[in-house]
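Excluded from the calculations below are hydrogen atoms, water molecules and symmetry mates; all remaining heavy atoms, backbone and side chain alike, are included.
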There are 2 protein chains.
Amino acid sequence: MPWELDNDRPIYLQLMERIQHDIISGVYKPGDKIPSVRDLALDAAVNPNTMQKALSELERSGLLYSQRTSGRFITDDEKLLKKMKMDLASEHIHQFFEQMHHLGFSDDETLEMIQDVLRREQYGTDS
Amino acid sequence: MPWELDNDRPIYLQLMERIQHDIISGVYKPGDKIPSVRDLALDAAVNPNTMQKALSELERSGLLYSQRTSGRFITDDEKLLKKMKMDLASEHIHQFFEQMHHLGFSDDETLEMIQDVLRREQYGTDS
DNA sequence: ATGATTGTACTATATCTATAATACAGTTTA
DNA sequence: TAAACTGTATTATAGATATAGTACAATCAT
(Lines give C-alpha, C1' and ligand atoms only; values in the text may rest on other atoms or scores of the structure.)
Protein backbone atom coordinates (compact mmCIF):
# COMPACT_ATOMS: atom_id res chain seq x y z
CA MET A 1 0.00 0.00 0.00
CA PRO A 2 1.15 3.56 -0.60
CA TRP A 3 2.58 5.19 2.48
CA GLU A 4 0.80 8.09 4.12
CA LEU A 5 2.51 11.18 2.81
CA ASP A 6 1.38 14.77 2.95
CA ASN A 7 2.30 17.61 0.67
CA ASP A 8 3.38 19.95 3.41
CA ARG A 9 6.91 18.63 3.72
CA PRO A 10 9.52 17.15 1.37
CA ILE A 11 8.67 13.54 0.62
CA TYR A 12 12.19 12.27 1.16
CA LEU A 13 12.09 13.61 4.73
CA GLN A 14 8.84 11.79 5.39
CA LEU A 15 10.30 8.62 3.94
CA MET A 16 13.32 9.00 6.21
CA GLU A 17 11.13 9.35 9.28
CA ARG A 18 8.98 6.39 8.34
CA ILE A 19 11.95 4.11 7.73
CA GLN A 20 13.74 5.32 10.83
CA HIS A 21 10.66 4.52 12.89
CA ASP A 22 10.36 1.11 11.25
CA ILE A 23 13.97 0.31 12.12
CA ILE A 24 13.79 1.60 15.66
CA SER A 25 10.45 0.01 16.47
CA GLY A 26 11.66 -3.35 15.20
CA VAL A 27 9.74 -3.77 11.95
CA TYR A 28 13.19 -4.44 10.52
CA LYS A 29 15.43 -6.49 12.84
CA PRO A 30 19.12 -5.77 13.50
CA GLY A 31 21.23 -7.18 10.69
CA ASP A 32 18.23 -7.58 8.39
CA LYS A 33 18.52 -6.83 4.72
CA ILE A 34 15.88 -4.31 3.75
CA PRO A 35 14.09 -4.31 0.39
CA SER A 36 15.86 -2.74 -2.55
CA VAL A 37 15.52 0.91 -3.42
CA ARG A 38 13.27 0.01 -6.31
CA ASP A 39 11.01 -2.25 -4.26
CA LEU A 40 10.69 0.28 -1.47
CA ALA A 41 9.93 2.99 -4.00
CA LEU A 42 7.28 0.80 -5.56
CA ASP A 43 5.74 0.08 -2.17
CA ALA A 44 5.69 3.73 -1.17
CA ALA A 45 4.41 4.77 -4.61
CA VAL A 46 7.33 7.11 -4.97
CA ASN A 47 10.08 7.72 -7.48
CA PRO A 48 13.15 5.51 -6.96
CA ASN A 49 15.35 8.60 -6.94
CA THR A 50 13.40 10.01 -4.02
CA MET A 51 13.69 6.77 -2.06
CA GLN A 52 17.39 6.59 -2.87
CA LYS A 53 17.85 10.07 -1.45
CA ALA A 54 15.97 9.18 1.74
CA LEU A 55 18.03 6.02 2.27
CA SER A 56 21.40 7.56 1.58
CA GLU A 57 20.61 10.43 3.92
CA LEU A 58 19.55 7.95 6.59
CA GLU A 59 22.92 6.21 6.44
CA ARG A 60 24.57 9.20 8.02
CA SER A 61 22.84 8.36 11.30
CA GLY A 62 24.41 4.89 11.32
CA LEU A 63 21.13 2.99 11.39
CA LEU A 64 21.76 1.62 7.91
CA TYR A 65 24.69 0.74 5.76
CA SER A 66 24.80 -0.22 2.13
CA GLN A 67 26.87 -2.84 0.39
CA ARG A 68 27.15 -1.45 -3.04
CA THR A 69 26.07 -4.46 -5.03
CA SER A 70 24.37 -6.79 -2.59
CA GLY A 71 21.90 -4.59 -0.79
CA ARG A 72 21.24 -2.45 2.23
CA PHE A 73 21.28 -3.66 5.82
CA ILE A 74 20.18 -2.65 9.31
CA THR A 75 22.99 -2.06 11.80
CA ASP A 76 23.83 -4.77 14.30
CA ASP A 77 24.45 -2.23 17.02
CA GLU A 78 21.48 -2.88 19.27
CA LYS A 79 22.79 -0.38 21.78
CA LEU A 80 22.59 2.34 19.13
CA LEU A 81 19.07 1.24 18.24
CA LYS A 82 17.92 1.45 21.84
CA LYS A 83 19.57 4.82 22.32
CA MET A 84 17.93 6.27 19.23
CA LYS A 85 14.58 4.92 20.35
CA MET A 86 14.82 6.68 23.68
CA ASP A 87 16.19 9.84 22.10
CA LEU A 88 13.36 10.00 19.60
CA ALA A 89 10.75 9.40 22.28
CA SER A 90 12.22 12.13 24.44
CA GLU A 91 12.25 14.49 21.49
CA HIS A 92 8.60 13.76 20.72
CA ILE A 93 7.63 14.39 24.32
CA HIS A 94 9.42 17.70 24.53
CA GLN A 95 8.09 18.95 21.22
CA PHE A 96 4.60 17.98 22.28
CA PHE A 97 4.76 19.87 25.54
CA GLU A 98 6.27 22.84 23.78
CA GLN A 99 3.32 22.95 21.37
CA MET A 100 0.81 22.62 24.20
CA HIS A 101 2.59 25.29 26.19
CA HIS A 102 2.47 27.62 23.24
CA LEU A 103 -1.27 26.98 22.98
CA GLY A 104 -1.57 28.15 26.56
CA PHE A 105 -1.76 24.86 28.44
CA SER A 106 0.43 24.25 31.47
CA ASP A 107 2.15 20.93 32.05
CA ASP A 108 -0.51 19.94 34.55
CA GLU A 109 -3.38 20.94 32.28
CA THR A 110 -1.80 19.00 29.45
CA LEU A 111 -1.35 15.94 31.63
CA GLU A 112 -5.00 16.11 32.61
CA MET A 113 -6.14 16.35 29.01
CA ILE A 114 -4.02 13.33 28.16
CA GLN A 115 -5.50 11.32 30.99
CA ASP A 116 -8.97 12.33 29.86
CA VAL A 117 -8.27 11.13 26.34
CA LEU A 118 -6.83 7.83 27.55
CA ARG A 119 -9.76 7.25 29.90
CA ARG A 120 -12.17 7.96 27.10
CA GLU A 121 -10.44 5.53 24.74
CA GLN A 122 -10.40 2.84 27.38
CA TYR A 123 -14.18 2.78 27.61
CA GLY A 124 -14.87 3.04 23.91
CA THR A 125 -14.37 5.69 21.25
CA ASP A 126 -17.96 6.91 21.03
CA SER A 127 -19.79 9.40 23.26
CA MET B 1 13.56 39.06 17.08
CA PRO B 2 13.51 36.71 14.13
CA TRP B 3 11.07 33.86 14.56
CA GLU B 4 12.28 30.30 14.95
CA LEU B 5 12.00 28.78 11.51
CA ASP B 6 13.50 25.60 10.17
CA ASN B 7 14.30 24.70 6.61
CA ASP B 8 12.43 21.42 6.60
CA ARG B 9 9.05 22.90 5.83
CA PRO B 10 7.74 25.83 3.79
CA ILE B 11 8.21 29.04 5.71
CA TYR B 12 4.71 30.33 5.03
CA LEU B 13 3.29 27.23 6.72
CA GLN B 14 5.43 27.81 9.77
CA LEU B 15 4.34 31.43 9.85
CA MET B 16 0.71 30.32 9.67
CA GLU B 17 1.16 27.98 12.60
CA ARG B 18 2.94 30.56 14.66
CA ILE B 19 0.31 33.22 14.06
CA GLN B 20 -2.52 30.76 14.60
CA HIS B 21 -1.03 29.80 17.94
CA ASP B 22 -0.55 33.43 18.88
CA ILE B 23 -4.20 34.14 18.11
CA ILE B 24 -5.52 31.08 19.88
CA SER B 25 -3.33 31.40 22.95
CA GLY B 26 -4.34 35.03 23.36
CA VAL B 27 -1.20 36.92 22.36
CA TYR B 28 -3.58 38.79 20.09
CA LYS B 29 -6.97 39.50 21.66
CA PRO B 30 -10.33 39.11 19.89
CA GLY B 31 -11.02 42.16 17.77
CA ASP B 32 -7.41 43.32 17.92
CA LYS B 33 -5.74 44.81 14.91
CA ILE B 34 -2.58 42.92 14.17
CA PRO B 35 0.58 44.55 12.82
CA SER B 36 0.77 45.21 9.11
CA VAL B 37 2.10 42.69 6.64
CA ARG B 38 5.29 44.68 6.32
CA ASP B 39 5.85 45.00 10.07
CA LEU B 40 5.20 41.32 10.70
CA ALA B 41 7.54 40.44 7.85
CA LEU B 42 10.20 42.67 9.34
CA ASP B 43 9.75 41.11 12.77
CA ALA B 44 9.94 37.58 11.42
CA ALA B 45 12.87 38.47 9.16
CA VAL B 46 10.94 37.23 6.18
CA ASN B 47 9.90 38.59 2.82
CA PRO B 48 6.63 40.56 2.91
CA ASN B 49 5.26 38.38 0.11
CA THR B 50 5.78 35.28 2.24
CA MET B 51 4.03 36.88 5.21
CA GLN B 52 1.22 38.03 2.95
CA LYS B 53 0.75 34.47 1.73
CA ALA B 54 0.64 33.11 5.27
CA LEU B 55 -1.92 35.70 6.38
CA SER B 56 -4.20 35.36 3.40
CA GLU B 57 -4.17 31.57 3.74
CA LEU B 58 -4.98 31.93 7.42
CA GLU B 59 -8.09 33.94 6.64
CA ARG B 60 -9.76 30.87 5.22
CA SER B 61 -10.02 29.46 8.75
CA GLY B 62 -11.98 32.49 9.93
CA LEU B 63 -9.51 33.49 12.63
CA LEU B 64 -8.61 36.65 10.75
CA TYR B 65 -10.24 39.03 8.37
CA SER B 66 -8.74 41.87 6.42
CA GLN B 67 -10.11 45.30 5.68
CA ARG B 68 -8.43 46.12 2.47
CA THR B 69 -7.11 49.54 3.33
CA SER B 70 -7.18 49.82 7.08
CA GLY B 71 -5.60 46.60 8.29
CA ARG B 72 -6.13 43.08 9.46
CA PHE B 73 -8.11 42.05 12.53
CA ILE B 74 -8.68 39.10 14.83
CA THR B 75 -12.17 37.66 14.78
CA ASP B 76 -14.59 38.61 17.55
CA ASP B 77 -16.01 35.11 17.64
CA GLU B 78 -14.67 33.91 20.99
CA LYS B 79 -16.60 30.68 20.64
CA LEU B 80 -14.66 29.91 17.47
CA LEU B 81 -11.39 30.78 19.19
CA LYS B 82 -12.13 28.43 22.08
CA LYS B 83 -13.20 25.66 19.74
CA MET B 84 -10.05 25.95 17.65
CA LYS B 85 -7.93 25.92 20.79
CA MET B 86 -9.46 22.65 21.94
CA ASP B 87 -9.36 21.17 18.45
CA LEU B 88 -5.69 22.01 18.06
CA ALA B 89 -4.84 20.57 21.46
CA SER B 90 -6.72 17.40 20.68
CA GLU B 91 -4.92 17.11 17.36
CA HIS B 92 -1.52 17.55 19.02
CA ILE B 93 -2.35 14.88 21.57
CA HIS B 94 -3.44 12.36 19.01
CA GLN B 95 -0.50 12.96 16.73
CA PHE B 96 1.84 12.60 19.68
CA PHE B 97 0.41 9.26 20.74
CA GLU B 98 0.45 8.06 17.17
CA GLN B 99 4.16 8.83 16.94
CA MET B 100 4.88 7.12 20.24
CA HIS B 101 2.82 4.13 19.25
CA HIS B 102 4.74 3.86 16.01
CA LEU B 103 7.97 3.91 18.01
CA GLY B 104 6.68 0.91 19.92
CA PHE B 105 5.40 2.51 23.10
CA SER B 106 1.95 1.67 24.43
CA ASP B 107 -0.34 4.34 25.83
CA ASP B 108 0.58 3.34 29.35
CA GLU B 109 4.30 3.31 28.66
CA THR B 110 4.01 6.72 27.06
CA LEU B 111 2.09 8.09 30.03
CA GLU B 112 4.77 6.80 32.37
CA MET B 113 7.54 8.41 30.35
CA ILE B 114 5.66 11.69 30.43
CA GLN B 115 5.23 11.55 34.17
CA ASP B 116 8.92 10.79 34.54
CA VAL B 117 9.83 13.81 32.47
CA LEU B 118 7.48 16.08 34.43
CA ARG B 119 8.76 14.79 37.77
CA ARG B 120 12.30 15.37 36.63
CA GLU B 121 11.56 18.93 35.55
CA GLN B 122 9.81 19.66 38.82
CA TYR B 123 12.96 18.99 40.84
CA GLY B 124 15.35 20.79 38.52
CA THR B 125 16.67 20.29 35.03
CA ASP B 126 20.07 18.87 35.92
CA SER B 127 20.99 15.27 36.77
C1' DA C 1 27.98 -18.38 -18.14
C1' DT C 2 23.90 -15.84 -18.37
C1' DG C 3 20.42 -12.96 -16.76
C1' DA C 4 18.44 -10.55 -12.97
C1' DT C 5 19.31 -7.60 -9.13
C1' DT C 6 22.06 -4.42 -6.43
C1' DG C 7 23.35 0.66 -5.29
C1' DT C 8 24.64 4.58 -7.63
C1' DA C 9 25.02 8.34 -11.06
C1' DC C 10 23.49 11.51 -14.49
C1' DT C 11 20.50 14.62 -17.43
C1' DA C 12 16.26 16.86 -18.15
C1' DT C 13 11.89 18.82 -16.84
C1' DA C 14 8.06 20.68 -14.08
C1' DT C 15 6.43 22.50 -9.87
C1' DC C 16 6.71 24.81 -5.51
C1' DT C 17 8.90 28.08 -2.58
C1' DA C 18 11.16 32.37 -1.34
C1' DT C 19 12.86 36.67 -2.37
C1' DA C 20 13.27 41.22 -4.73
C1' DA C 21 11.44 45.14 -6.65
C1' DT C 22 7.53 47.76 -7.97
C1' DA C 23 2.99 49.48 -8.36
C1' DC C 24 -1.76 51.02 -7.12
C1' DA C 25 -6.15 52.44 -4.85
C1' DG C 26 -8.17 53.45 -0.67
C1' DT C 27 -7.62 54.90 4.35
C1' DT C 28 -5.52 57.03 8.09
C1' DT C 29 -2.71 60.45 10.13
C1' DA C 30 -0.55 64.79 10.79
C1' DT D 1 -4.69 68.73 1.77
C1' DA D 2 -0.48 66.05 1.79
C1' DA D 3 2.12 62.31 3.33
C1' DA D 4 2.30 57.88 5.31
C1' DC D 5 0.30 53.49 5.66
C1' DT D 6 -3.00 49.69 4.39
C1' DG D 7 -3.74 45.14 1.72
C1' DT D 8 -3.06 43.49 -2.69
C1' DA D 9 -1.12 42.50 -7.30
C1' DT D 10 2.49 41.75 -10.68
C1' DT D 11 6.91 40.33 -12.82
C1' DA D 12 11.31 38.30 -12.45
C1' DT D 13 14.76 35.29 -10.52
C1' DA D 14 16.88 31.60 -7.88
C1' DG D 15 16.77 27.44 -5.38
C1' DA D 16 14.78 23.06 -3.65
C1' DT D 17 12.05 19.16 -4.71
C1' DA D 18 10.01 15.35 -7.34
C1' DT D 19 9.66 12.69 -11.29
C1' DA D 20 11.15 10.35 -15.62
C1' DG D 21 14.36 8.04 -18.10
C1' DT D 22 18.70 6.02 -18.77
C1' DA D 23 23.10 3.99 -17.70
C1' DC D 24 26.85 1.15 -15.43
C1' DA D 25 29.71 -2.02 -12.67
C1' DA D 26 29.52 -5.54 -9.22
C1' DT D 27 27.14 -9.38 -7.24
C1' DC D 28 23.80 -13.00 -6.91
C1' DA D 29 20.80 -16.78 -8.54
C1' DT D 30 19.90 -20.20 -11.82
For DNA chain C, find the residues of residues 34-42 of chain B with a heavy-atom distance under 4.0 Å and give them by number; none if there aren't any.
B:R38
For the helix from C:dA1-D:dT30 to C:dA30-D:dT1, measure the angle between the helix axis at one end and the axis at the other, each built from five pairs, rounding to 10°.
30°
Is it the case that the side chain of [X] and the backbone of [Y] share a donor-acceptor pair, with hydrogens and angles ignored and the cut-off at 3.5 Å?
X: B:Q14; Y: B:D6; value: yes
X: B:T110; Y: B:S106; value: yes
X: A:D32; Y: A:I34; value: no

For the residue pair B:L55 and B:S66, establish whether any side-chain heavy-atom pair is separated by less than 4.5 Å.
no
Which residues satisfy the salt bridge (charged side-chain N to carboxylate O under 4.0 Å, His left out) test with [X], sequence neighbours excluded?
X: B:E59; result: B:R72
X: B:E57; result: B:R60
X: B:K33; result: none
X: A:D116; result: A:R119

Same cluster for [X] and [Y] if Ile/Leu/Val/Met/Phe/Trp/Tyr side chains link at under 4.5 Å?
X: B:L42; Y: B:Y28; result: no
X: B:L63; Y: B:F73; result: no
X: A:Y12; Y: A:W3; result: yes

Roughly how many Å is it from CG in A:L55 to P in C:dT6, rounded to a whole number?
13 Å
So for atom CG, which belongs to B:D8, do other residues, nucleotides or ligands contribute more than 12 heavy atoms lying within a distance under 6.0 Å?
yes
When every nucleotide of nucleotides 12-19 of chain C is labelled 5' to 3' by its protein contacts under 4.0 Å (heavy atoms), B for base, S for sugar-phosphate only, - for none, what sequence of letters results?
-----SSB
Produce the list of close N/O pairs, under 3.5 Å, pairing protein atoms with atoms of nucleotides 25-30 of chain C; give distances to one decimal.
| residue | atom | partner | partner atom | Å |
| --- | --- | --- | --- | --- |
| C:dT27 | O4' | B:T69 | OG1 | 3.1 |

With sequence neighbours excluded, what pairs up with A:R9 under the side-chain hydrogen bond (donor to acceptor under 3.5 Å, both in side chains) test?
A:E17
Non-neighbouring partners of B:Q95 that pass side-chain hydrogen bond (donor to acceptor under 3.5 Å, both in side chains), sequence neighbours left out
none
Using the ring pair (Phe, Tyr, Trp, His ring centres under 6.0 Å) criterion, which residues pair with B:H21? Sequence neighbours excluded.
A:H102, B:H92
Taking any atom closer than 4.0 angstrom to a non-hydrogen atom of chain A, what span of DNA chain D does the protein reach, first nucleotide to last?
D:dT17 to D:dT27
